[in-house]
Every structure is written in structure tokens, then in C-alpha cells.
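Step one of this worksheet: look at the structure below.
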Amino acid sequence: MTTNRTKKALVIGAGIGGLTAAAGLARAGYEVEVYERASGLRPAGTALSLMSNALTALDTIGIKPDFEGRAVVFDSLRFLTRTGRPIRTMHFGEIAAEVGQPNLAIHRADLQQALLEQADGCKVEVGATATGFTRVGDEVRVDFQDGRQVYGDVVIGADGFNSAIRRGLVGAEQPNDAGYICWRATPQFRHPKVTDGYAAHYWGRGQRFGLVDIGGGYVYWWATKNMPAAQARVWQGGKEAIARLFAGWAPEVRQTIEATPAETIHSVPEEDRPFLERWGEGPVTLLGDAAHPMVSSLGQGAAIAIEDGVVLAQCLASTDDVAGGLRAYEDHRRERARAIVEASRGLSRIEQLQHPLWTLGRRLYFQFAPERTFREQNQAALTFQGVPA
């Protein structure tokens, strides 16, 4: 830093991107305060894939989370029919070896804890729901639901899909409905087919099922069904209805659902938002789902949020011009984020195809398309490009 006064960064949201930004900004010399709406940072949520581009990004600024016993390496992803017949296997191991980082499956709570350890020294407050912000001279005031007001030199909106900071920048928005519901859970489950590092997507007509080993005898599964968002928001069919939808699927699919306690299944409509050309103004910006929420088809949501946090810290590390640094961060990230958001939408539409002829075409394409086509796409997604030194 080129100033004698330590600048204060207010990070709104203690999710994956917010904690990455907090750890990175602390290393860049900022005083960092993190405000999280949840009442506590305790085990919650389901699981996610942490792709090699995220680990490369973290390593770039010296963030080395401890994943020992918390994550499982997966080197490939199987695509299967609803009954378990092979369609194609995507091999990530070679690309991971080239970039020098693995691809991990991890529970969200374990990743959050690993990043929280890296943000040691940052003030973290829970039960703090931000409602908006106001520019006050060279500072920014963040207002909270309980009436508190906090001032800082920079505000990072990392408060997720329903971001109050985003709303303060662009106003109210309608989300984009992807046209299907998604159920998620992380039960204890063992099956002869679900070996160490197992990761598979099962494709049906307008339905999908994902099954991933996350270690310690636990799996992460998700399931989808074409359904309008309005219906998905009020869906209350429960575990038995899900089991009926996936009757006749592969045995491991049916048995995973059966092994899951009903109360642990999370249900959400799959949505994203219009892509923003402007992520901030002055000393305020957005990252992760607050900036560019995406559907989950590529499994890159957490990784791209981490990339955001790293590049943000890089852009603010050597400048006294906060606004200029934030605009540099946004310019550096915009096209990368746009590409992943659009690719996720495109793959989502393909995966949720329902007409028999279209699903047949999908299977034939994925079976017979040249390997180099998929390798080039995967290599682009799994390679992190930081800010040039």
C-alpha cells in the first residue's frame, strides 16, 4: 500500500467468495470486517465441486487452505443414462496435472471453515443483515436490519443471489427461470459402484441425477426435474415424491434417495440473473453470486467466486485508488465470468432436454464428438488467468 492510513474493507457475506476476498485483502494490507446474515457459521448446506482453477487462484496470493480430511480428489466425471449405461467419461486428471492443482469434491461447510481459517485476523460478525449502502464523502456507510451503521473505505457485496448491495446498485430485478427444480442432499451412503472419487451424472428426459463421493462415507447428490419456477418455489412433495420420479433409474440412484433423511433434502428453483455490464460504482463492487449468479451445470460457481476474490485482492494490493482498483478488477473479470455463466446456461438447456429425439441427439453427440472438443472446453474452464504482475 502507498498510504500511511490502513484502509478498511467491509465484506458483506461470509460465503466462499466473501471469505476469499477477506483473506486476500488482509494480505494486501487492509483492515477487513466481514458481515454475514446467517446467525452462525455452523455446518449447513450441501456440497460442491472445487475445480483446479480455484486452487490455482488461491495459491497465486498465498492462500493455502487445509483440505486434509475435508475433501476428495476426483479425476473424471462419468455421464450415464438413467439406468446407468455409459455415455462418456470426461477425464480431468491430465489437465489437473498440467495446471498443478487437483479437482475436489467438498462439503460447503468444510470449504467455508477452511477459508475462514485463512481469514484469521479479520473481524467476522454473524446475524448481520445488510439492507443497503450510502456514499458519505470518501467513505461508504452500510446499513443493517438491526439499525447499525458501519463505515468503510471499500464495500464488497458478496451477499449472494439476493444481494442487498446489488439491489442498491441496480434496483429490483426479476431472476431468470431455468425451468427446473433442484434437490440436494449429503447423506451417509455406501454402494459398490460409488468408489473413492466417484462422480457421475445420470441423464433422463427432463430429469438428471448427480452422485459424488465427498469422503468419510458421505455422498453429495442432486436431482432435477423440469418445472416452472413458480411451481418449484412452493413444491412440497417431499422425499417420497422424489423417489417416485426416479423409480426405474440405476440402483445406486434409487438407494441414495432411500438412504437420505427427508428433512435434510434442500429444494430450490434453478435460477440466475441478467448479466451485469457494471458491477459497481466508486468504492463499491460485487463478486460471486451477487455479481454473476449461474446455474450449477458446470460446477464452477464456487471456483469463479474464488477467482473473483483473488483478482479483487490483486487489483487493490498496490494502489491507493480504491475506485480505480475496483474498476480494474471488474474489467479483468467480466468476460471470464460471462463465458462461464453462458456456458452453464447452455449446458443446462442441453442437460434438461425432454423430447425423445432431442435426448437421443444429445446422447449420440456426447458419445461420438471428438475428445479434443471437450478437452479444449475443460482446459479453458480449469485454467486461471490472474492479473499480470
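Using modelled atom types, no side-chain atom of S49 and backbone atom of M51 make a donor-acceptor pair closer than 3.5 Å. Between the side chain of H91 and the backbone N or O of G93 there is no donor-acceptor pair closer than 3.5 Å. Distance alone, capped at 3.5 Å, is enough to place a donor-acceptor pair between the T264 side chain and the P261 backbone. With hydrogens and angles ignored, the 3.5 Å screen pairs no side-chain donor or acceptor of E271 with any backbone N or O of A229. Side-chain atoms of K239 come within 3.5 Å of backbone N or O of T260 as a donor-acceptor pair. Judged by distance alone, with hydrogens and angles left aside, the side-chain atoms of E36 form a donor-acceptor pair with the main-chain N or O of A14 at under 3.5 Å. A donor-acceptor pair under 3.5 Å is absent between the side-chain atoms of Q118 and the main chain of I63, judged by distance alone. In this structure a side-chain-to-backbone donor-acceptor pair under 3.5 Å is missing from T319 to C315.
I181 contributes atom CD1, which lies 11.5 Å from atom CG of N226 (distance to the nearest 0.5 angstrom). Here CD1 of I242 is found 7.0 Å from OG of S267. Values are rounded to the nearest 0.5 Å. To the nearest 0.5 angstrom, R108 atom CZ is 15.0 Å from Q113 atom CD. For the atom pair CH2 (W183) and CD1 (I265), the distance works out to 9.5 Å, reported to the nearest 0.5 Å. Distance check: L116 CG to L111 CG gives 11.0 Å after rounding to the nearest 0.5 Å. One distance of note links CZ of R233 with CE of M227; it measures 12.5 Å at 0.5 Å rounding.
For F74 and Y198, the ring centers sit 6.0 Å or farther from each other. Close placement of the F366 and W203 rings is indicated, their centers lying within 6.0 Å of each other.
In the hydrophobic clustering of this structure, W222 does not group with L77; members are Ile, Leu, Val, Met, Phe, Trp, Tyr whose side-chain heavy atoms approach within less than 4.5 Å, directly or through other members. The hydrophobic clustering, which links ILVMFWY residues whose side-chain heavy atoms are closer than 4.5 Å, places F92 and L58 together. V295 and W221 are members of different hydrophobic clusters when ILVMFWY side chains are connected at heavy-atom separations under 4.5 Å. With hydrophobic clusters built from ILVMFWY side chains whose heavy atoms lie under 4.5 angstrom apart, I16 shares a cluster with M294.
With a 4.5 Å cut-off on side-chain heavy atoms, R88 and E371 count as touching. Using a 4.5 Å heavy-atom threshold, the side chains of Q188 and Y218 count as touching. A 4.5 Å side-chain heavy-atom check between Q149 and V142 finds every atom pair outside the cut-off. No side-chain heavy atom of V140 sits less than 4.5 Å from a side-chain heavy atom of V136. Counting heavy atoms from C-beta on, the side chains of Y220 and I106 never come closer than 4.5 Å. Taking 4.5 Å as the limit, some side-chain heavy atom of L50 sits within range of a side-chain heavy atom of I306. With contacts defined as side-chain heavy-atom distances shorter than 4.5 Å, the pair F374/Q377 qualifies. For the pair C122 and D120, the minimum side-chain heavy-atom distance is 4.5 Å or more.
The shortest non-hydrogen separation linking C182 to T224 is SG-CG2, 4.2 Å. Scanning both residues, L211 and T256, for their nearest heavy atoms gives CD1-OG1, 3.8 Å. When every heavy atom of Y30 is checked against every heavy atom of T6, the shortest pair comes out as C-CG2, 4.2 Å. The shortest heavy-atom contact between S39 and V126 is O-CG2, 3.3 Å.
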Salt bridge (Lys or Arg N to Asp or Glu O under 4.0 Å), that's the test. Do E270 and R184 meet it? Break it down for me. CA-CA 12 Å; E270 196 74 3; R184 299 182 176 95; 3.6 Å; yes
Assess whether side chain to side chain donor-acceptor pair (under 3.5 Å) is satisfied between Y329 and Q314, documenting all intermediate values. CA-CA 8 Å; Y329 147 73; Q314 288 179 314; over 6 Å; no
Assess the residue pair E351 and R205 against the criterion (salt bridge (Lys or Arg N to Asp or Glu O under 4.0 Å)); give the C-alpha distance rounded to whole Å, side-chain angles, the decisive distance to 0.1 Å, and a yes or no. CA-CA 9 Å; E351 289 179 320; R205 296 175 182 171; over 6 Å; no
Would R70 and E117 count as a salt bridge (Lys or Arg N to Asp or Glu O under 4.0 Å) if you check the C-alpha gap in whole Å, the side-chain angles of each, and the deciding distance to 0.1 Å? CA-CA 13 Å; R70 289 170 162 165; E117 292 164 3; 2.6 Å; yes
Show your reasoning for whether side chain to side chain donor-acceptor pair (under 3.5 Å) applies to Q101 and N53. CA-CA 8 Å; Q101 297 286 356; N53 48 301; over 6 Å; no
Set out, in order, the CA-CA distance, both residues' side-chain angles and the distance that settles salt bridge (Lys or Arg N to Asp or Glu O under 4.0 Å) for D159 and R166, then state yes or no. CA-CA 9 Å; D159 46 343; R166 176 173 173 135; over 6 Å; no
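Within a 6.0 Å radius of CD in E258, other residues, nucleotides and ligands contribute 12 heavy atoms or fewer. Annotation for R190: atom CZ does not count as buried by contact number, only 12 or fewer foreign heavy atoms lying within 6.0 Å. Applying the 6.0 Å contact sphere to CD of E277 captures more than 12 heavy atoms from other residues, nucleotides or ligands. Counted within 6.0 Å of CD on E263, heavy atoms from surrounding residues, nucleotides or ligands total more than 12; the atom is thus considered enclosed.
Taking a cutoff of 4.0 Å between a charged side-chain nitrogen and a carboxylate oxygen, D153 and K8 do not qualify as a salt bridge. R273 has no carboxylate O lying under 4.0 Å from a charged side-chain N of D289, or vice versa, which leaves the two without a salt bridge. Looking at R5 and E31, no side-chain N of the basic residue comes within less than 4.0 Å of a carboxylate O on the acidic one, giving no salt bridge. Salt-bridge formation is detected for the pair E335/R338: a Lys NZ or Arg NE/NH1/NH2 atom is positioned less than 4.0 Å from an Asp or Glu carboxylate oxygen. A salt bridge between R375 and E98 is present, with a side-chain N of the basic residue lying under 4.0 Å from a carboxylate O of the acidic one.
For the pair R362 and Y365, the cation-pi criterion (under 6.0 Å, within 45° of the ring axis) is not fulfilled.
With R336 as the partner, the salt bridge (charged side-chain N to carboxylate O under 4.0 Å, His left out) test is satisfied by one option alone out of E330, E342, E307: E307. Y180 pairs with exactly one of K225, R208, Q352 by the side-chain hydrogen bond (donor to acceptor under 3.5 Å, both in side chains) rule, that one being R208.
Identified under the ring-ring contact (aromatic ring centres under 6.0 Å, His included) test for residues 158-178, with sequence neighbours left out: none.
Residues D308 and H292 bring a donor and an acceptor atom of their side chains to less than 3.5 Å of each other.
Between F189 and H191, the angle of the ring planes stays under 30°, which puts this pair in the parallel group of the 30/60° scheme. Ring planes of F144 and Y35: tilted class, angle from 30 to 60°. Between H201 and F79, the two ring planes are perpendicular [angle over 60°; tilted spans 30° to 60°].
Applying the salt bridge (charged side-chain N to carboxylate O under 4.0 Å, His left out) rule to D143 yields the partners R141; only residues at least two apart in sequence or on another chain are considered. Qualifying side chain to side chain donor-acceptor pair (under 3.5 Å) partners for D177, counting only residues two or more places apart in sequence or in other chains: none.
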